Amino acid sequence: MKKFFMAILMTAAIIFNPAQVFAADAWAIAAEALGVLAAYQSTLREMLALGNNVNAQMEVRRQDIEKNGVDKNPRDVELVNSIMNRLVNGGQYELRVNSLPFVWHVNDDDKFNAACYPMNYISINRGLIRGLNLDENQIAAVLAHEMTHGLEQHSAKSYAQAVAQSLGAIMLGMNVDNGSNIDWSKFNGMVGYSIAKNINVPAEYAADEGGFYLMTSAGFNPGGAAAAMNRLGYYVRYETQDIWEFSASDVSSDETLSDHPDTDKREVKMSELMTAYGGGHVTVERFERAYKVFIDGKEIFHSINTGSDHNNAAENAYYFAGGLSKAFHDFDNVDSWNFRRGNSNQIDFLTDEPAYRELKALSLMYNLGDKIKSVVTAAYLNENPAIRKKIHDSDAARKKSWTKIKSNADSAKIKAATQLRINADIYNDYGQGELALKQIQRALNAKNQDDIAECLGIRGRAKAICGDYDGALADSDAAVEKDPENLYNFLNRADVRHMRGEFQLALDDINRALSIDEKNPVAYKLQGDIFDEQGKISEAELSYRKCYELSNKNPRLIPINYLEKIDPKAAEKINKKKEHSNDKN
């Protein structure tokens, strides 16, 4: 039986709290020693399956909004959306075949926090945005870090670790297709401070490094990650202990006592990554409360705190150095820096890319253009050819690694390729056309995709949701022509025509689908929706009754005003539940 379109008949009941405990695969070795390897492996499979479940992703988002609200400041939301879109659409990465596209939400929690769930859902607290002063490069560093946890499936592995260590065989054999059989209140308690933190620290460093390259590939300033760690360090020391997985009893220098490594060490590591990114030419050193930037050992910029911001010395230094590092990385010769005389006869250079903004502004403020030109020219003149080769080799190695992941996804077995198609159709059911388009393209790229026609139909429906009605109809027509025996191709086209306002043509396609299978509940659901929009109440009620019977009396499929006629008791339960929810809010 086909699963496409049937996703609307499914429900998910997942209750996560934003707990972040990330484990490396090395924990399997520890699990074996502890005698819980079977539990670890079993729950890891289940968590990976949950991570590939669109219903779970949409449900955890819904619950995050319900519990933590929505950031009421549109500026916060617009900034995060802009940063995430740059990372998701412009960053260098690939999704594994059993991973979903990223979904995110800015909630109204004032704690300095962000979390990535196993299904690539990222919850971002308003407190994080404010704590980082709406700085796009620092926020990008944190969000790229969270994306890396998702890309490397750290979340699924850590949850499996928690289950194996704390519950063991209790979880074995449980159905977690939609999470409804799991006691998540107990589960959340397992992912606290006590779970193998010495293993989580390497995963955090891995996410820091992966996030660094993800954010730089998307065009953000390479100094943003070190600046974010500096800001976080100040926050931890002077403002709060209640962030991420830090405990009030932790000792900052003892990395085994916290899920996240010491922020000073993380800042140093991110600064070292920035230096290496630029071929080792650019370094940042701290002197008391000041920071100095060097090119090949020659001081080029001295940054001190000004005003009430206790972090601007570090931020200015890291952004100044980050701009230089990016240019050394991107350009093989000094000519590409485009040094030139600009306003007030000062030396200008590079482009107006955002990553160079602070470098150029500070250079202009302190009239550093001539000095930068002289030192950069000497750096290229004296550069060992091995440095340039190392930069290119490192870039090529990262590209090769992501290419391999994409190749593995494209070559996945039929079952995995089919799931890509199913997930795209479920996104359509939720009205998430853009996510459906991303997912269906992955399905079309799969070499072992066994139903190209249905892929076209699903893509057509996604295009209609996005407003591309002509492209939607072209894809839907192609799907029907390619496989007229598949009723879902007709139902996809019916939905497209429904969205185009072509009601009679949509009803004709529904009848074609019912001639193939007269017991398909989705066909009657769509038929009822169209009759209702046309004001044909009695016809709509008849269609909804058929849908209700054939879907094992699933009340979620029927509009409440019709459900009150079809099944008054079920309608009453739903109304009471809504009233209870409204009372709580």
Side-chain angles (χ1 to χ4, degrees), residues 90-94 137 141 144 148 202 205-227 229 265-286 291-301 317-339 347 349-351 353 355-356 358-360 363 368-405 407:
Q92 183 186 46
Y93 71 95
E94 296 291 342
N137 292 296
T148 302
Y205 279 139
D208 281 348
E209 183 171 349
F212 172 85
Y213 289 115
L214 177 54
M215 68 171 288
T216 53
S217 69
F220 291 97
N221 189 303
M229 288 300 104
K265 293 182 179 180
R266 294 174 80 184
E267 180 182 341
V268 169
K269 285 184 177 292
M270 301 317 291
S271 181
E272 290 172 348
L273 277 175
M274 178 193 67
T275 295
Y277 189 73
H281 289 292
V282 185
T283 54
V284 175
E285 294 184 24
R286 183 174 182 175
Y291 287 77
K292 295 183 180 181
V293 179
F294 300 85
I295 296 179
D296 290 347
K298 298 181 179 64
E299 183 181 330
I300 196 75
F301 177 63
Y318 284 130
Y319 287 148
F320 188 94
L324 293 171
S325 184
K326 174 178 168 59
F328 273 117
H329 174 274
D330 291 353
F331 303 129
D332 290 341
N333 55 68
V334 68
D335 293 340
S336 299
W337 287 59
N338 191 24
F339 287 105
I347 288 289
F349 54 99
L350 299 173
T351 68
E353 285 184 58
Y356 299 133
E358 291 83 3
L359 168 63
K360 287 164 64 71
S363 172
L368 298 174
D370 285 292
K371 185 176 183 181
I372 291 172
K373 178 182 179 181
S374 174
V375 177
V376 167
T377 300
Y380 277 101
L381 183 65
N382 299 316
E383 184 181 81
N384 188 319
I387 291 177
R388 198 56 36 188
K389 183 178 185 303
K390 186 175 181 179
I391 291 174
H392 294 317
D393 287 348
S394 296
D395 288 347
R398 287 190 296 274
K399 182 178 180 180
K400 183 178 180 180
S401 176
W402 291 120
T403 299
K404 182 178 180 181
I405 289 173
S407 177

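These figures come from a predicted structure and were not determined experimentally. Every heavy atom of this structure was used, including side-chain atoms; hydrogens, water molecules and symmetry mates were not.
Ser325 places no side-chain N or O within donor-acceptor distance of the main-chain N or O of Ala321, the cut-off being under 3.5 Å. A donor-acceptor pair is defined here as one N or O able to donate and one able to accept, closer than 3.5 Å; no such pair exists between the side chain of Lys292 and the backbone of Phe301. Between the side chain of Thr275 and the main chain of Ser271, a donor-acceptor pair closer than 3.5 Å is present. Asn137 contributes no side-chain N or O that, together with a main-chain N or O of Gly224, makes up a donor-acceptor pair within less than 3.5 Å. Ser394 places a side-chain N or O within 3.5 Å of a backbone atom of Lys390 that can act as its donor or acceptor partner.
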Task: Residues Asn338, Phe331; criterion side chain to side chain contact (heavy atoms under 4.5 Å, CB included); working and verdict - done: CA-CA 11 Å; Asn338 191 24; Phe331 303 129; over 6 Å; no

Open item on the list: With side chain to side chain contact (heavy atoms under 4.5 Å, CB included) as the criterion, how do Phe294 and Val282 come out once you've worked through the C-alpha distance, each side chain's angles and the decisive distance to 0.1 Å?
Closed with: CA-CA 6 Å; Phe294 300 85; Val282 185; over 6 Å; no

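Contacts classified as side chain to side chain donor-acceptor pair (under 3.5 Å) and involving residues 370-379 (residues at least two apart or in different chains) are given here: Arg341-Asp370.
A cation-pi arrangement is absent between Lys326 and Tyr277 under the rule of less than 6.0 angstrom and at most 45 degrees off the ring axis.
When all heavy atoms are compared, the tightest approach of Ser363 to Gly369 is OG-N, 3.4 Å. Contact record, Gly323 with Leu359: C-CD2, 3.7 Å, taken as the closest heavy-atom pair. Contact between Phe328 and His281 at its shortest, heavy atoms only, is CD2-CD2, 3.6 Å.
With contacts defined as side-chain heavy-atom distances shorter than 4.5 Å, the pair Thr283/Glu272 does not qualify.
Put simply, OG1 on Thr216 and CG on Asn221 are 10.0 Å apart, with the number rounded to the nearest 0.5 Å.
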